[in-house]
Amino acid sequence: MSTFTPDGSPAYRTSSIDATTLSALTNFPQQLEAHFAAIPAEFRNWSPPSWEGVPSEPFTPIEQICHVRDIEIDGYHVRFHRTLTESNPTLASIESESLAKERFYATSDASAVFAEFREARAKTVELISDLTPEHLARTAVFEGYGALSLRSLVHYLCSHDQQHLAGLQWLLGKIEASR
């Protein structure tokens, strides 16, 4: 049975995850790169005087993309694996600000970050595409979120992606206001 992707092209559902979510996850690396590219180079490490109203974590543009990469690898890859292999595990939240300091986000090379993220996201999409309804029904407890299913985790990852696109747009607004 054919369905249609958000852009109107035919798609054949091969996953138990809805086509819209799978498409959003698949296309996110390109969207993130495009949003980051819109940031003027001289503002890639810029912080506004106040973070009030930021829709993502309060990170500079370069820190935003490092955070997304690390949450994918150290967060969601681990969470998906544990939910699939353990009985109702408790999934840790990651202390993002500490990680940013420990991994020197501010001095990271954006090209390397994007290459690592694209590879990590491809692994995520491959995993998610192969999940059965039984896999997606597996449960866990996620610190700060409570009880959930693996399907819930997929949607939270997609939501997290959107928060960081919004965070980069918010930063662009602050940059323009500061000029």
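Only a predicted model underlies this, so the values are computations on that prediction, with no experimental measurement involved. Residue indices begin at 1 and follow the sequence shown.
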Show me, pair by pair, the donor-acceptor contacts under 3.5 angstrom made by side chains of residues 167-179, not counting sequence neighbours?
from	atom 1	to	atom 2	distance (Å)
Trp170	NE1	Gly53	O	3.4
Ser178	OG	Ile175	O	2.7

In sequence, state the C-alpha distance, the side-chain angles, and the governing distance for Tyr105 and Leu99, and then conclude on side chain to side chain contact (heavy atoms under 4.5 Å, CB included). CA-CA 8 Å; Tyr105 283 3; Leu99 204 57; 3.7 Å; yes
Suppose we screen for side-chain hydrogen bond (donor to acceptor under 3.5 Å, both in side chains). Which residues come up paired with [X], at least two apart in sequence or across chains?
X: Asn45; value: none
X: Ser47; value: none
X: Ser149; value: Ser152

Before you tell me yes or no, could you show the steps for Ile17 and Leu131 under side chain to side chain contact (heavy atoms under 4.5 Å, CB included), namely the whole-Å CA-CA distance, both residues' side-chain angles and the distance that decides it to 0.1 Å? CA-CA 8 Å; Ile17 293 293; Leu131 295 175; 5.6 Å; no
Pairwise distance [atom1]([X]) to [atom2]([Y]) - rounded to 0.5 angstrom:
X: Phe104; Y: Cys66; atom1: CZ; atom2: SG; result: 12.5 Å
X: Ile65; Y: Phe117; atom1: CD1; atom2: CZ; result: 10.0 Å
X: Tyr145; Y: Leu91; atom1: OH; atom2: CG; result: 11.5 Å
X: Glu72; Y: Thr124; atom1: CD; atom2: OG1; result: 3.5 Å

Qualifying ring pair (Phe, Tyr, Trp, His ring centres under 6.0 Å) pairs, either residue in residues 82-103, two or more places apart: none
Not counting sequence neighbours, list each pair that qualifies as a ring pair (Phe, Tyr, Trp, His ring centres under 6.0 Å) and has a residue in residues 70-103. Tyr76-Phe80
Before giving the answer on side chain to side chain contact (heavy atoms under 4.5 Å, CB included), spell out for Ile128 and Thr21 the whole-Å C-alpha distance, their side-chain angles and the decisive distance to 0.1 Å. CA-CA 10 Å; Ile128 290 168; Thr21 301; over 6 Å; no
Main chain of [Y], side chain of [X]: is a donor-acceptor contact present, judged purely on distance under 3.5 Å?
X: Arg138; Y: Leu150; value: no
X: His35; Y: Leu32; value: no
X: Arg79; Y: Ala92; value: yes
X: Gln163; Y: Ser56; value: no
X: Ser23; Y: Ala19; value: no

Can you name the salt bridge (Lys or Arg N to Asp or Glu O under 4.0 Å) partners of [X], sequence neighbours left out?
X: Glu116; result: Arg69
X: Arg118; result: Glu33
X: Arg44; result: none
X: Glu97; result: none

Does [X] belong to the same Ile/Leu/Val/Met/Phe/Trp/Tyr cluster as [Y], with side-chain heavy atoms less than 4.5 Å apart forming each link?
X: Ile62; Y: Ile73; answer: no
X: Phe36; Y: Phe28; answer: yes
X: Val125; Y: Val78; answer: no
X: Ile39; Y: Trp46; answer: yes

Evaluate whether atom CD of Glu143 has more than 12 neighbouring non-hydrogen atoms of other residues, nucleotides or ligands under 6.0 angstrom away. yes
Sorted by first residue and then second, give each salt bridge (Lys or Arg N to Asp or Glu O under 4.0 Å) pair with at least one member in residues 84-95; sequence neighbours left out. Arg82-Glu86
Just distance, no hydrogens or angles: give the donor-acceptor pairs under 3.5 Å from side chains in residues 153-162, sequence neighbours left out.
from	atom 1	to	atom 2	distance (Å)
His160	NE2	His67	NE2	3.0
His160	NE2	His164	NE2	3.2
Asp161	OD1	Arg121	NH2	2.9
Asp161	OD2	Arg121	NH1	2.8
Asp161	OD2	Arg121	NH2	3.2

Do Ile71 and Glu57 pass the side chain to side chain contact (heavy atoms under 4.5 Å, CB included) test, and can you show the C-alpha distance, the side-chain angles, and the key distance before you say yes or no? CA-CA 12 Å; Ile71 289 299; Glu57 288 84 353; 6.0 Å; no
